[in-house]
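Here's the structure, in structure tokens; my notes come after.
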2 protein chains.
Amino acid sequence: MRTADPSSRKLPRAWRAAPSLQGLADMPARDRAYHDLRYRIMTGRLAPGTTLLETELAGLLSLSRTPVREAVIKLEEEGLVDVRPRHGVTVKPLSMQDFAHILNVFSALEVRAFELVAARGLQPDEARALERMLEDMEAATLAHDLGHWADLDDEFHSQIVALSGNARLQDALNAFWGQQYRARMMILPLRPSPVQSDIEHRGIFEALKAGDRQLTRSRHNAHRDRADAQQLDLLGRSLGSSGFA
Amino acid sequence: MRTADPSSRKLPRAWRAAPSLQGLADMPARDRAYHDLRYRIMTGRLAPGTTLLETELAGLLSLSRTPVREAVIKLEEEGLVDVRPRHGVTVKPLSMQDFAHILNVFSALEVRAFELVAARGLQPDEARALERMLEDMEAATLAHDLGHWADLDDEFHSQIVALSGNARLQDALNAFWGQQYRARMMILPLRPSPVQSDIEHRGIFEALKAGDRQLTRSRHNAHRDRADAQQLDLLGRSLGSSGFA
DNA sequence: CGATTCAACAATGTATACATAAACGAACCG
DNA sequence: CGGTTCGTTTATGTATACATTGTTGAATCG
């Protein structure tokens, strides 16, 4: 997942920390702990609400407490866990409200990133690479391959963000992306055919290519508002409005 | 600075981590290290570009490396320092571009926060408290008390953000606020009389009170665009476009 | 019977000891 | 004389030992 497609060679590195355990072997223990725990949280292997003591985490990962503690600090800053001093670290549950809050921040940042790209303009090869991704997404839609479509969607959005040239913006988006991930995975199978998103993507892409900042903003805003509302709705159904993801 | 004014009693806690060393005495050492270092960085006592080894930091704070390391991890996540494994911890310089990037993120988030408040509406007491702040700012403008004005400005903005009810949005804004701080302090004496900002604040406030989301957004966007451009311009002069803050 | 206090325990916070690995410099080779 | 390699140095990464402090539960007091 999220492996660079050769066709997007010309685009900048749209590094988005997907849950993965690739090449953890030769990292320092702190990073191993961080990525390993993040992976387990995002994929649900560590369910929301799960509470573990530092000692237990250390045992789980066969490490001493020191690197585990340091990893936990990062996970806490990133919003994935809560640390309560004598009660262990808890995988943060994600309520509907949390999800709404996250989407709100995410959208605001992403729209700004897209605006910046519009203001900057697209190079011909960048435009070509993005257009290929649109075609791939449309093909995935036709093939009813929702999983692949969602991956491409992530990649499309994150590639454009990378083009904004604002690394802090990119970092902030990646952090919030990490928080959304679980919920997105959960509602994936419930999503209807993303025909509407494909259409809106085209519209946004055209505005970007034209370098029209206002149009990019309004189209992207509309896209996010609709898509976010849909996701919230789906999450509501899959949670039965009861509680936690 | 930034101590709650009794007149704003009815507003939610607009907690924004100002540089301060209040009551550090009885905190755990990690937090002492974190706040102490943050304070020194923000106030310039640790100049941008300064590099220190973990051991040196520990000596500086009379602590062992462990809590210092943990504090440094947080400062790094927050974007205030760089850690290069065998070269020590460096206080991040802030170039014009960095500042521009930070303002960009900050504005996008703040505009969204204000929109949420507009959508939610203002309670009468909230409106009254905010209006009092506007009056205080206008008084400070007349008195040419730029320092006080800037504090009130921060407070005005952060209070509204707090009203948005989105804690993650608030946290993200606070983090970026920390990064802006040094540059803002540096250009403070160069700022012209903020009459224009006072006018714009009134406009935004009216739109908020009316619950008009669109109008709030467009006015606030305009306000931020103008103010950010001004700040960048001032920073450019004070740096001579050469380099680092 | 309920509330309160105190003591034992247990988990975290902090310090330190040790392992690892990068940077620097000196010696050696070309 | 310039470049490369190896050893030493030293900062960091990790483990562990120790101190501190909150929690638990049982005993006692009202």
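Throughout, a chain's letter reflects where its sequence line sits, starting with A, and its residues are numbered from 1.
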Counting primed atoms, P, OP1 and OP2 as sugar-phosphate and everything else as base, the B/S/- map of nucleotides 21-26 of chain C against protein heavy atoms under 4.0 Å is BSS---
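No donor-acceptor pair under 3.5 Å is formed between the side chain of R182(B) and the backbone N or O of L94(B). Side chain of T90(A) to backbone of K92(A): no donor-acceptor contact under 3.5 angstrom is found. The closest donor-acceptor contact from the side chain of E77(A) to the backbone of K74(A) lies at 3.5 Å or more, if one exists at all.
The separation between E54(A) atom CD and dA10(C) atom P is 17 Å, rounded to whole Å. In this structure, the CZ atom of R30(B) is 13 Å from the P atom of dA15(C), given to the nearest Å. Here dT14(C) presents its P atom at 12 Å from CG of L61(B), a figure rounded to the nearest Å. dT14(D) atom P lies 12 Å from atom CE of M27(A), rounded to whole Å. Look at CG on L53(A): it is 13 Å from C1' on dT23(D), rounded to the nearest Å. One atom, CG of L52(A), and another, C1' of dA11(C), lie 14 Å apart when rounded to the nearest Å.
Taking 4.0 Å as the cut-off between side-chain N and carboxylate O, D36(A) and R32(A) do not count as a salt-bridged pair.
The side-chain contact (heavy atoms from CB on, under 4.5 Å) test with V89(B) is passed by exactly one of L46(B), L37(B), L57(B): L57(B).
The number of heavy-atom neighbours closer than 6.0 Å to CD of Q97(A), taken from other residues, nucleotides and ligands shown, is 12 or below.
The stretch residues 63-76 of chain A touches DNA chain C through R65(A), R69(A), each having a heavy atom under 4.0 angstrom from the strand.
Residues M96(B) and L239(B) meet the side-chain proximity criterion, which asks for heavy atoms closer than 4.5 Å.
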Going through the distances and angles, do R168(A) and F176(B) end up as a side-chain contact (heavy atoms from CB on, under 4.5 Å)?
CA-CA 9 Å; R168(A) 297 173 203 251; F176(B) 279 94; 4.0 Å; yes
